[in-house]
Amino acid sequence: MECTNRQVAETLRLIGQLLEIREGNPYRVRAFMNGADAVDRLTRPVAELSKDEVVALGGVGEHLAAVVREVCETGSSTELETLRAEIPPSLLELLRIEGVGPKTVGRLWRELGITSVAELLAATEKGRVRRLKGFGTKSEAEIRRGAERYAASEQRMNRSTADALIAGLAEVLAPGRYVVAGSYRRGKATIGDLDIVSCEDPVALNPRLRLVADEVIESGERRTSIRYRGERVDVRFTTPDAFGPMLIYFTGSKPFNIKLRDRALLEGLRINEYGIAGRAGKDLRTFPTEAAMLKALDLPYIPPELREDAGEIEAAEHDRLPALVIADDLRGDLHVHSNWSDGTLSLAELAAEGERRGYEYLVISDHSATLKVAHGLSERDLAEQRHTIEVINRDSACRLIAGTEVDILSDGTLGFADRILADLEFVIASLHGGLRQDQDQVTRRVIAACENEHVDVIGHPTGRIIGRREPAAIDLGRLIEAAAAHGTALEINASPFRLDLEDTAVRAARDRGVRLSIGTDAHRPGELENLRHGLATARRGWCTADDVLNALPLDRLLEWTG
DNA sequence: GCCGTTTTCGGCCCGACTGTTTTCAGTCG
């Protein structure tokens, strides 16, 4: 029985959600959710761990370890099957409606027999929901709006969409008086909603927010939520002298906040979004910055990208946080396309763009001819391009590195012969087709590419496109081992539509000593800007400058590629 | 269900906003 960590985590989550609807003990529900998170964070297959090793993860006790074992061995869980027999699993989709929680779902089901979003919409139309005790016309209307929005099926935003919203909001927010917090600030690849901490007076800001909002969800003097261009935006108000605790609170993650508060309780301190108080909630101390607040808790500053309760608090306690790679460490972009294949900029324009950004180098990595849709280069084109690059390099401050993004063909061979690859300064090998092959087949292909001595980097390793294409079924554990064994780097493709490898895999690779290569895969000038998204993913993967290929100076980079 | 530098029992992060309520439950972040 093949059983992935994702399946195990989903099973635990499912049990938790069904328990929640059945009016279970909320702490028991949380235990299942925590267990699911712990399994999600694992970089090894949970099926390979012993029961003791699973318990040692923390957050997983005897009972959950037994459930994990059962799921690994049988593919299911008797506890889950019992709950499924009792509660229609279709109720779970109702939980995803904004404003509808487990209590409401339970009552809608027991008292009105509602088991699906369609039935819920029908019931609101007939006014059945408003007749429930404790409900009224407003609650019914809100539930109806939520259900309609759910039916329109929203998904998480990519970082490009988030950036566009932030640029729009910048026109109503006072410059320098707010920070975009939440998962955006933590550098996540996808963002559910925008969280903003502002130290403007709500009396002044609320009316301006109302003006640009599609809808005001709620509005108060401490918190306001609006819908803006279809997305939810939450604003928390604070003052400069108490900015620290609010920023920590609103940056999250939620598990990070809970762990931090838990830890403070042991010291007899209570944390909330306003500061740190004594056990009785008295003597509130406020802090202007996050660092000052963390210092009061005997912790060093913890970068937002690490705040996932994935070991960072323990590392901070022992002063073993990694010195994360920063923007200034990056000396160039390791994956760029020119108009020789499907990019829009000429080589000279790219060199100028690199200079403007203060880059030491840019890797020109046009496609191989096998990728016909991208006007890939033939062997002859490549030789000509090489000549042009050499001419431009004579008087360019930004060195163009002659490379390619060679296609990994469906049989695992590459789109250029070895003798051609040997002449190039930098070789990225990427999958562009055959992404739906089964796990073993597609894994063998990328490992074969890793084993080729001329290949320096595996480009966008899983091929995912956020919200549009699932990652290929690659066994990342095997790929990372192969990359480690052959000294091949793995790419963090910095396009906000890819961000591939993803953060957890980056951390696993980094832990095995695999180098990461950040490349924008830019096809248009503005896309060189995307390097920062790749940087954020590297930081979420606990990377230091030593882990990142782009931090090498030109001579050492060329030495590394051989 | 998990957990322990007061604990193997009795806690479990903490607060804002809304609606339908006379004091709070539910949801959310």
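Each chain gets a letter, A, B and so on, in the order the sequences are listed, and its residues count up from 1.
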Original post:
Is A/D193 side chain donor-acceptor paired with the B/dG29 base, going by distance under 3.5 Å alone?
Top reply: no
**OP:** Measure from CD on A/E98 to P on B/dG26 and round the result to the nearest Å.
**Re:** 19 Å
Subject >> Below 4.0 Å: OP1/OP2 of B/dT20 and any side-chain N or O of A/S139 >> reply: yes
**OP:** Between B/dC17 and B/dC13, how far apart are the P atoms? Round to whole Å, please.
**Re:** 22 Å
**OP:** Under 4.0 Å between any heavy atoms, over every strand shown, what does A/P102 touch: base, sugar-phosphate, or nothing? Just pick one.
**Re:** sugar-phosphate
Subject >> A/E218 and A/T224: side chain donor to acceptor below 3.5 Å >> reply: no
**OP:** Please work out if A/G35 contacts a base, only the sugar-phosphate, or nothing of the nucleic acid, heavy-atom cut-off 4.0 Å.
**Re:** nothing
Original post:
Between atom CG in A/N272 and atom C1' in B/dG29, what is the gap in whole Å?
Top reply: 14 Å
**OP:** Find the distance between CD (A/E502) and OG1 (A/T462) and round it off to the nearest 0.5 Å.
**Re:** 7.0 Å
**OP:** Using atom CG of A/L132 as one end and atom C1' of B/dG26 as the other, report the distance to the nearest whole Å.
**Re:** 14 Å
**OP:** In whole angstrom, give me the gap between the C1' atoms of B/dT20 and B/dT27.
**Re:** 15 Å
Original post:
Does a nitrogen or oxygen in the side chain of A/R223 sit under 4.0 Å from OP1 or OP2 of B/dC17?
Top reply: no
Original post:
Which of the following nucleotides, B/dC12, B/dG29, B/dT27, is nearest to the side chain of A/Y249?
Top reply: B/dG29
Subject >> Euclidean distance for C1', B/dC14 against B/dC9 (whole angstrom) >> reply: 24 Å
Subject >> Side-chain N,O (A/N257) to OP1/OP2 (B/dC13) below 4.0 Å >> reply: no
Original post:
Rounded to whole angstroms, how far apart are CG on A/L108 and P on B/dA25?
Top reply: 19 Å
Subject >> Residue A/F250, side-chain atoms from C-beta onward, closest of B/dC12, B/dC17, B/dG29 >> reply: B/dG29
**OP:** With A/R507 as the cation and A/W542 as the aromatic partner, state whether NZ or CZ is under 6.0 Å from the six-membered ring centre and within 45° of the axis.
**Re:** yes
Subject >> Of the listed nucleotides B/dT27, B/dC17, B/dC13, the one nearest the side chain of A/R261 >> reply: B/dC13
Original post:
What's the closest nucleotide to the A/K254 side chain, out of B/dG19, B/dG29, B/dT27?
Top reply: B/dG29
Original post:
Can you tell me how far C1' in B/dT5 sits from the matching atom in B/dG1, rounded to whole Å?
Top reply: 24 Å
Subject >> N or O in side chain of A/R270 less than 4.0 angstrom from B/dC13 OP1/OP2 >> reply: no
Original post:
Is a donor-acceptor pair below 3.5 Å formed from side chain A/Y27 to base B/dG11, judging by atom type as modelled?
Top reply: no
Subject >> Any A/Y274 side-chain nitrogen or oxygen under 4.0 Å from OP1 or OP2 of B/dA16 >> reply: yes
Original post:
Looking only at side-chain N and O atoms, does A/T104 come under 4.0 Å of OP1 or OP2 in B/dT27?
Top reply: yes
Original post:
Where the side chain of A/D521 meets the backbone of A/N493, is there a donor-acceptor pair that is under 3.5 Å apart?
Top reply: no
**OP:** Could you check whether A/I271 gets within reach of a base, just the sugar-phosphate, or nothing at all, counting any heavy atom under 4.0 Å?
**Re:** sugar-phosphate
Original post:
Tell me: CZ of A/F256 to C1' of B/dC14, nearest whole Å?
Top reply: 15 Å
**OP:** Would you mind classifying the nucleic acid contact of A/I217 as base, sugar-phosphate or nothing, using non-hydrogen atoms under 4.0 angstrom?
**Re:** nothing
**OP:** Using the C1' atoms only, state how far B/dT7 lies from B/dC2, rounded to an integer number of Å.
**Re:** 14 Å
**OP:** Please report, rounded to the nearest Å, how far the P atom of B/dG1 is from the CG atom of A/L83.
**Re:** 11 Å
Original post:
Where each residue is assigned the nucleotide of DNA chain B containing its nearest heavy atom, which of A/N25 and A/K138 is assigned the position nearer the 5′ end?
Top reply: A/N25
Original post:
Are A/V46 and A/C72 side-chain neighbours, meaning at least one heavy-atom pair lies under 4.5 Å?
Top reply: yes
**OP:** Please tell me which of the listed nucleotides, B/dC12, B/dT18, B/dT27, lies nearest to the side chain of A/D262?
**Re:** B/dC12
Subject >> Contact under 4.0 Å: A/R232 side-chain N or O vs B/dG29 OP1/OP2 >> reply: yes
Original post:
With sugar-phosphate meaning primed atoms plus P, OP1 and OP2, does A/V100 contact a base, only sugar-phosphate, or nothing at under 4.0 Å between heavy atoms?
Top reply: sugar-phosphate
**OP:** Report yes if some heavy atom in the side chain of A/I217 is under 4.5 Å from a heavy atom in the side chain of A/I226; otherwise report no.
**Re:** no
**OP:** Nearest-nucleotide wise, let me know which of A/L265 and A/E142 is further upstream toward the 5' end of DNA chain B.
**Re:** A/L265
**OP:** Assign A/G58 to base, sugar-phosphate, or nothing according to its heavy-atom contacts below 4.0 angstrom with the strands shown.
**Re:** sugar-phosphate
Which donor-acceptor pairs under 3.5 Å do the side chains of residues 291-307 of chain A make with protein atoms, sequence neighbours left out?
unit_1 : atom_1 : unit_2 : atom_2 : d
A/Y301 : OH     : A/E290 : OE1    : 3.4
A/E305 : OE1    : A/R539 : NH2    : 3.3
A/E305 : OE2    : A/R539 : NE     : 2.8
A/R307 : NE     : A/I302 : O      : 2.9
A/R307 : NH1    : A/E290 : OE2    : 2.8
A/R307 : NH2    : A/E290 : OE1    : 3.0
A/R307 : NH2    : A/E290 : OE2    : 3.4
A/R307 : NH2    : A/I302 : O      : 2.8

Original post:
How would you label the contact of A/L12 with the nucleic acid (heavy atoms, under 4.0 Å): base, sugar-phosphate, or nothing?
Top reply: nothing
Original post:
For atom C1', what is the distance between B/dG26 and B/dT21, given to the nearest Å?
Top reply: 13 Å
Original post:
Does the side chain of A/R30 get closer than 4.0 angstrom to OP1 or OP2 of B/dC13 through an N or O atom?
Top reply: yes
Original post:
In terms of side-chain heavy atoms, does A/S225 have a donor or acceptor partner in A/R232 at a distance below 3.5 Å?
Top reply: yes
Original post:
Any idea which of B/dA16, B/dT20, B/dT18 is nearest the A/R222 side chain?
Top reply: B/dA16
Subject >> Counterpart base for B/dG19, defined by Watson-Crick or G-U wobble contacts under 3.5 Å >> reply: B/dC24
